[in-house]
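Just below is one structure, and these are the notes that go with it.
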Protein chains: 2
Amino acid sequence: MKKIYEDFLHSNQLKNTKQRKVLFDFVMNQKNHFTKENLLEYAQEHINNLGIATIYRFLHTLVKSNLLEEHEFGGEKLFEVKNPENHHDHLICEKCGKIIEFTNTKIEHLQEKIALEHHFKLLDHKLILYGTCQKCQKK
Amino acid sequence: MKKIYEDFLHSNQLKNTKQRKVLFDFVMNQKNHFTKENLLEYAQEHINNLGIATIYRFLHTLVKSNLLEEHEFGGEKLFEVKNPENHHDHLICEKCGKIIEFTNTKIEHLQEKIALEHHFKLLDHKLILYGTCQKCQKK
DNA sequence: TTAAATGCAAACGATTTGCAGGCGT
DNA sequence: ACGCCTGCAAATCGTTTGCATTTAA
């Protein structure tokens, strides 16, 4: 993962600055979703005067490099490390915001079939289920 | 549809102003997606000095009343008349932006199953397939 | 009559941009 | 040394809000 990133930087004549190193360290260790504030907070503990613009520029870079995925679930944008071998979709509780990840190969196959029927080449998809989790149903 | 809307207005002590009438006329005749600019353009042909704030307030009202659905596909927000009997998902060409609507009951059933497995009560879902349409593949 | 709605402009939050100086290669 | 990168502040974009005035019921 780190290697892919550094190769990406190199092949695009991008420099591995100390800001990017810190930012990438944070991202690489995220198992779940994170916001730009999470990233900013971490970064500012390590680098003085780190500007918000750097955060935005970095996130764009990672999304373009296909190492990060951007979600807009509820209000704020969430980012997540994109791992092709570990694709998943999301089930979200509308009351408490809890996010559950799932995969379903049957649905994925059906998606391919639908794309085919419309002569599309399928590149990506986004499936979000909104509901109420068990705890919130009881309340 | 118009009746549902007027009932909604009445039961919420909302007034059927000339602005809302014009705005609703536009919305009611949309078979596909439209943007707030589409709505604004139409409305300003009929009413002088119609402010953008009125557009936003009207759209909120309709979304709350459950007569409109809001999408955030690519860049700008799209609105669409919400018809429970005609639910559908979207297949989008990433090159030309073409949007195709589809329904697939098998997928819907699988979604219910997934929600059940996680003890969620399923309320809504959003499925978007991104791909390249036939025309754009040839280019 | 009176509560809600409108237009306007100012306020707002998130994101982007231009630029002068700094830093990695 | 060169060109990319950064921090900063100003600019921008979409959207929201406060307020004085108008309008539907």
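Just so it is clear, the structure is predicted and the values come from calculations on it, not from any experiment. Residue numbers start from 1 in every chain, and the chains themselves are labelled A, B, ... in the order their sequence lines are given, proteins ahead of strands.
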Check step by step if side-chain contact (heavy atoms from CB on, under 4.5 Å) holds for A:Asn16 and A:Glu6. CA-CA 8 Å; A:Asn16 205 358; A:Glu6 285 169 357; 3.7 Å; yes

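- B:Gln13 comes within contact range of the sugar-phosphate backbone alone, with a heavy-atom separation under 4.0 Å but no base atom that close.
- Counting only heavy atoms from C-beta on, A:His60 has its side chain closest to C:dT16 among C:dT16, C:dA4, D:dG14.
- Nucleotide C:dT15 holds its C1' atom 12 Å from the CD atom of A:Glu72, rounded to whole Å.
- Salt bridge status for B:Asp25 with B:Lys2: present, with a side-chain N to carboxylate O gap under 4.0 Å.
- Smallest separation of non-hydrogen atoms from A:Leu122 and A:Ala115: CB-CB, 3.9 Å.
- Spacing between atom CG of B:Leu59 and atom C1' of C:dA5 amounts to 16 Å, rounded to whole angstrom units.
- Residue B:Ala53 places its side chain closer to C:dC8 than to any other of D:dC4, C:dC8, C:dT16.
- In this entry the distance linking CD of B:Glu6 with C1' of D:dA24 reads 14 Å, nearest Å.
- No engagement by A:His10 is indicated, since no non-hydrogen atom pair under 4.0 Å with the nucleic acid exists.
- Between the CG atom in A:Leu59 and the CG atom in A:Leu62 there is a gap of 6.5 Å [rounded to 0.5 Å].
- Here the side chain of B:Asn49 is nearest to one of C:dC8, D:dT15, C:dT15, namely C:dC8.
- If you check D:dA25, D:dG14, D:dC5 against the side chain of A:Leu14, the one that comes closest is D:dC5.
- Map B:Lys77 and B:Lys21 each onto its nearest nucleotide of DNA chain D; the residue landing nearer the 5' end is B:Lys77.
- In this structure, CZ of A:Phe58 is placed 15 Å from P of C:dT16, rounded to the nearest angstrom.
- At whole-Å resolution of the value, NE2 in B:His46 and P in C:dG7 are 15 Å apart.
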For A:Phe58 and A:Phe24, what are the C-alpha separation, side-chain angles and deciding distance, and is it a ring-ring contact (aromatic ring centres under 6.0 Å, His included)? CA-CA 9 Å; A:Phe58 175 77; A:Phe24 188 74; 7.1 Å; no

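- With rounding to whole Å, B:Leu9 atom CG is found 14 Å from D:dA24 atom P.
- Shortest non-hydrogen contact noted between A:Cys96 and A:Cys133 is SG-SG, 3.9 Å.
- One can place CD of B:Glu76 at 9 Å from P of D:dG14, the figure rounded to the nearest angstrom.
- Among the nucleotides C:dT25, D:dT6, D:dT16, the one closest to any side-chain atom of B:Tyr56 is D:dT16.
- In terms of polar N and O atoms assigned as donor or acceptor, the side chain of A:Arg57 comes within less than 3.5 Å of the base of D:dG7 in a complementary pairing.
- Here B:Lys36 reaches the OP1 or OP2 of D:dT15: one of its side-chain N or O atoms lies under 4.0 Å away.
- Nearest-nucleotide positions on DNA chain D for B:Lys15 and A:Gln19 put A:Gln19 closer to the 5' end.
- In this entry the distance linking CD1 of A:Ile47 with C1' of C:dC23 reads 13 Å, nearest Å.
- The side chain of A:Lys18 places no N or O atom within less than 4.0 Å of a non-bridging phosphate oxygen (OP1 or OP2) of D:dC5.
- Set against C:dT6, C:dA9, D:dA25, the side chain of B:Thr17 has C:dT6 as its closest nucleotide.
- Within the nucleic acid shown, A:Ile52 has no heavy atom closer than 4.0 Å to any nucleic acid atom.
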